[in-house]
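Here is how names work: the chains are called A, B, and so on, in the same order as the sequence lines, proteins then strands, and each is numbered from 1. Everything quoted here is computed from the prediction, not taken from an experiment.
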Amino acid sequence: MEYNHREIESRWQRQWRESEIYKVSTDPSKPKFYVLDMFPYPSGAGLHVGHPLGYIASDIYARYKRLQGFNVLHPMGYDAYGLPAEQYAIQTGQHPEKTTTVNIARYRSQLDKIGFCYDWSREVKTCDPEYYKWTQWAFQQMFGHYYDIAADRAMPIDALVAHFESRGTEGLQAAAGKDLEFTAAEWAALDEKAKSDVLMNYRIAYLGHTMVNWCPKLGTVLANDEVSEGLSIRGGYPVEQKLMYQWCLRVSAYAQRLLDGLERVDWTDSLKETQRNWIGRSEGAEMRFKVAGRDLDLEIFTTRADTIFGVTFMVLAPESAYVDMVTADECRDAVRAYLDEVKHKTERERMIDKKVTGVFTGSYAINPLTGKQIPIWVSDYVLAGYGTGAIMAVPAHDSRDYAFARHFDLPVIPLIEGADVSESSFDAKSGRMINSEGPELNLNGLEVKDAIAATKRFIAEKGLGRVKVNYRLRDAIFSRQRYWGEPFPVYYKDGIPHMLPADQLPLQLPEIDQYLPTESGEPPLGRAKNWQTADGCPLELNTMPGFAGSSAYYLRYMDPRNNDALVSPEANGYWRQVDLYIGGTEHATGHLIYSRFWNKFLYDLGTVCEDEPFRKLINQGMIQGRSNFVYRIKDTNTFVSAGLRKDYDTTPIHVDVNIVNNDVLDLEAFRAWRPEFATAEFVLEDGRYICGYAVEKMSKSMFNVVNPDDIVERYGADTLRLYEMFLGPLEQSKPWDTNGIDGVNRFIKKLWKLYQDSDDSQPSAANLKTLHTLIKKVAQDIENFSFNTSVAAFMICVNELTAQKCRSRAVLEPLAVVIAPFAPHVAEELWHSALGHDTSVVDAQWPAHDEKHLVEAEVTYAVSFNGKARYNITVAADADAETVKAVAMAHEAAEKWTGGKEPVKVIFVPGKILNFVIK
RNA sequence: GCUCGAAUGGUGAAAUGGUAGACACGAGGGACUUAAAAUCCCUUGACCAUUGCGGUCGUGCGGGUUCGAGUCCCGCUUCGAGCACCA
C-alpha cells in the first residue's frame, strides 16, 4: 500500500474530532501537566510556516506527556482584540468582530490541518463577552484593592478606609502615587469627591494624571512596551509625552515580587535578564541637601553615595516641582525660557539631540559633608519620572555630569586613585577613594564598594537621608482611545468614577456607526447611543489595552465555561499553573510582565494558588523568510541565472518562492506569474535557471511567505511537523528554507515501508539495540527540547531497522509510539492498519528503554586516579585482543602514575567507542 | 555605554572534557530504466599521497588549565538580542 498523506491525515483528524479523544477533564487520580502556547492574534494574513513552530514543539511535548500517563491540558484560543482589525474597520466600515470571526475561522482550519492535540472544547476568545466578563471583573478587583507594603500584598480598599478613619495616614505603608499626610479628623472632614481622589492615590487600578506615550497618528496612548526609541512598535509613528488623565495599573507596587519570582521559575537566563533590566532595580540612597538661605531641602537619589565629596553642582529635571521653589528672582526669566524650550521638544528629539543644555537657578545647595555651597542647575538630562527628579552631580565619575560640567565650565574633582578625568569621566565602580575627607567622615583609602556602604551608614545615622531602592518599572497605562477592546465597567456620577455592580457584568461593547473618534475628540465609544447606566450616568469611553485580555487567559482555560468565577478553586487547585509555556521573546517586557503581575494580584486575592503563572518557559526562535531573486539584464526582458550574473549588468527582482524549488526557477510558472514576464527570456546555466537568495523578514512584499497549507497539501502534516523540528534548535532563529524537506519526506516513506509485512518474529539483538537506543535518546531529547536531534535519531533508527530487515512487531510497536508525538497521523495509521490495534496510539504507554540491550554492545572503562585525571576507554564487547591489551596498559599506566598509592577505579558504563593510544 | 547570547564543511547542523563534522540538504559518480520520475549504492572539511596503506592541518583570533579543549578559564574580534541621558 502506498503512503497517501491526504487520505490518512483527513481520516485521522476526523476520527480524533468525532471521538473527542483530546478532551480532558480534571481527574485527581492522574498527575496533571499543563502545556500552553501563547495564543495568536488572528491576523488577516493567516498563518505562515513560522507560526506553527512553537505549536508543533508544544504539541510534541503534550503528546509525549500524555503517553507517559499524565492528564495533559493543552488548550488554544485567540487574542482577538487588537489594532489591525480596527484599522481595517475604519477603512472599510466592516465591523471588527466580523473580520475577527473570519480570521479565526481561517486560523482554525490552518491549525486543524497540522494535527494538533488541542482540547478545542476549552477554546477562549478575548472578545467574547463570556470571557471578558472576567477581564472586567479583575479590573474591578484592582480598583477595590490597594497595595500594603508591610503585608507585602494587595488588601481590600475598605481596610485602607478603616485605617484613615482611625489614624489618618499615620503608620500607613502603602504603594501610592504621592506621599500624603493627614489625620483621621482631616479625613473625616473631606467630601465624597476629595475622598475619592485620595483613594485613587492608592488603588491598584486608578485614574491618574500621568505622563503618557501619546501617538497622534494612532490616536491613542500606548504602554511603555509598545514604544521603542520614541516610535510606536505598531506602525512606527512618532510618540509624544503628554499629561493625561488615564486609567493605570499600579504594576510598580509589585516590582520587587516580580523580580524575586524570577528566581523560582525555569526560564532562560536571557529572558530573566531582560525582565530584570525592565524592572530596573537599583539600590542607592535618598539624601537631603539644604538650599542655602532658604528653609528647603532638595531630596536626591544616588547609587554612588561614596562620591559625595565630588559633588560640584546639583541638577533638577525641568518638570521638577523644585525648580519653581529654588529659582532666584534674577534668574526667573532665563529659567522660564529654558523650560519653554524643553517643553516643545518631543521625547524623540530629546533623545536624538544629545546637545548639552541647561540653566542656572541662581540658588546654591549645601553639601552636608563638606559644608560647601554648590550651584543648582536645571537640565533636561535629568528625568522627572525617575528617583526624585533631582540629582547630585559628580562630574568626575559620571559621564553625563562630566559632559555638563565641561560645557558649563564647572569644577571636576576626581575621587578615585589613578582615575584620569582630563578627557572623560571614570564611571567604573572600583578603585581606592581619594579627596574624600570631611570633618565627620573619611573615606580615603576605602574600596568603592566599602565607601558606598560607609556613606550610607553615615547618612542614615546622621538623619541626612535613607537607604532607598528605586525601580525603573512604571505603572501600566490602561486606557486606550479605541473601539475594539474591553469596555471599562465604570460609570461616572458627579465626576466620581464608580464600578458597575457585579451582576451587570459583562458590560458589552456597544455598536457604533463609525470606528473613529467623535467630532469633539472623544474616543469612539462617544458615538454609542445610550452609553449610560439605567439612571443616566455616563459610562467610561475608553477601552482596555490588548494586554488586558491576555493577562489571565491561561487561568480561564482551566475552567472556561464557569459563569460564577474566573476559575473555580477546584479547577485551579488541580491545574495550578502552566508547566510549560512556549512562545516568542517579543513578549518579554509586555505580556510576560503583565500576566505575572495580574497573577500575583489574583494570588493576593486568593483566587489562584500559585504566585507564578508559568513554571517553565521556552522561547522558540523566529522563522525568517528566505527570499529568492531573479536577475534581469537592464532594459531587457531577459533574465540571467545567478551564477552568470556578473557577466551582465543586472537588477535583482524578488520572485515568488513558491515557484522556485531548491533555488531552481520553474520557468513556465514564472512566465505565468505576471503579465510582464510572459515573454521573458532566460540565460541558463547547466540547462537550469538558478535563483539568488537572501534572508529577510517573512512578508508579502518580499514574496517569501510560505503557507503551511501548501506544505501540508504537498508533503503532509507529518512531514511539515518533522521538518520544522529538524530545521535546527527550537530556540534559535533561522530562515525557512524548503530545501531539505524532501529528506524528511523520504524518511516517512521509509518508515511506512518498514511496517509493510510486519510479523510476530523474535527481534534480534541488533533490532533491540537499535530500538532501545532510540527510545532512550528521544526521551532525553524531548526533556531537553532538542527535537532536531530526535528527528535525526528516527532517521538512523529506521535506516538501521531497514538494513536489518526487521519485521518484528515487538520492535515496530514501541517504535510507532515513540514517533507518534512527532508524526501522529502516520503513527496512528500504522498502529491500526499494520499492527492491528483498535485503540488509539494516543492511549498507548511510552516504552521504557532497557539498558541491558545497550550495555552488552559496548563497554567503557573509566580510569581515574589522583581524584583528578579520568580516562574513558570504550571498547566493543567483542573487542579484539589488541584493544583489550590497550585497556590493560591504560590501567597499568594509571597505577604507575599514582605510584600505586592512589586507588585506581575502573568503572563500566555504556558509551561509544573511543580509540585511545598509550604513549 | 551596560547586560545576555552566538561564531564548527558549499548549506541547516551534531558532539555528559575523550574518534570533530552525527543526521539531512546540495554536489559528484554509479545501478535499475528506451528515457524520465521514483528507488537504491558509493564519494563528499582542506591539503598532500594514492596500484596498498596512509600523512598533515582544521571548530572566529591570542593566551592558559589539562594526559587530552569545539566544550573549562583569561583577553580580544565580529555578529545578534535586550536596556539606555534610569543618576
Enquirer: In whole angstrom, give the distance that lies between atom CD of A:Glu286 and atom P of B:A87.
Expert: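 Interatomic distance, CD of A:Glu286 to P of B:A87: 14 Å.
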Enquirer: Between B:A24 atom C1' and A:Ile748 atom CD1, what is the distance in whole Å?
Expert: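 Atom-to-atom, A:Ile748 to B:A24, this comes out as 14 Å.
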Enquirer: Between B:C23, B:A87, B:C85, which nucleotide gets closest to the side-chain atoms of A:Ile796?
Expert: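 So the nucleotide nearest the side chain must be B:C23.
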Enquirer: Rounded to whole angstrom, note down the C1' distance from B:A69 over to B:U8.
Expert: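 Per the computed distance, 14 Å lies between those C1' atoms.
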Enquirer: Separation of A:Phe726 atom CZ from B:C23 atom C1', in whole Å?
Expert: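 For the pair A:Phe726 CZ and B:C23 C1', the rounded distance is 5 Å.
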Enquirer: For A:Phe408 and A:Trp377, take the angle between the two ring planes, folded into 0 to 90°, and tell me which bin it lands in: parallel under 30, tilted 30 to 60, perpendicular over 60.
Expert: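 Rings of A:Phe408 and A:Trp377: tilted, 30 to 60°.
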Enquirer: According to a strict under-4.0 Å criterion, is A:Asn788 in side-chain N/O contact with OP1 or OP2 of B:A14?
Expert: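 Result: yes.
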Enquirer: Can you give me the dot-bracket string for RNA chain B, 5' to 3', counting Watson-Crick and G-U wobble pairs with both distances under 3.5 Å, using [ ] for crossing pairs and | for partners on another strand?
Expert: (((((((..(((.....[....)))((((((.......))))))((((.....))))..(((((..]....))))))))))))....
Enquirer: Please measure how far the P atom in B:U66 lies from the corresponding atom in B:A27, and state the result in whole Å.
Expert: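 Between the two P atoms, the distance is 49 Å.
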Enquirer: Nearest whole Å is fine: how far is B:C23 C1' from A:Asn799 CG?
Expert: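 Atom CG in A:Asn799 sits about 9 Å away from atom C1' in B:C23.
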Enquirer: Which protein N or O atoms sit under 3.5 Å from an N or O of nucleotides 79-83 of chain B?
Expert:
unit_1, atom_1, unit_2, atom_2, d
B:C83, O3', A:Arg472, NH1, 3.4

Enquirer: Looking only at atom C1', what distance separates B:A15 and B:A22, rounded to whole Å?
Expert: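 Per the computed distance, 8 Å lies between those C1' atoms.
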Enquirer: Mind telling me whether B:G9 is syn or anti, cutoff 90° either side of 0?
Expert: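 In terms of base orientation relative to the sugar, B:G9 is syn.
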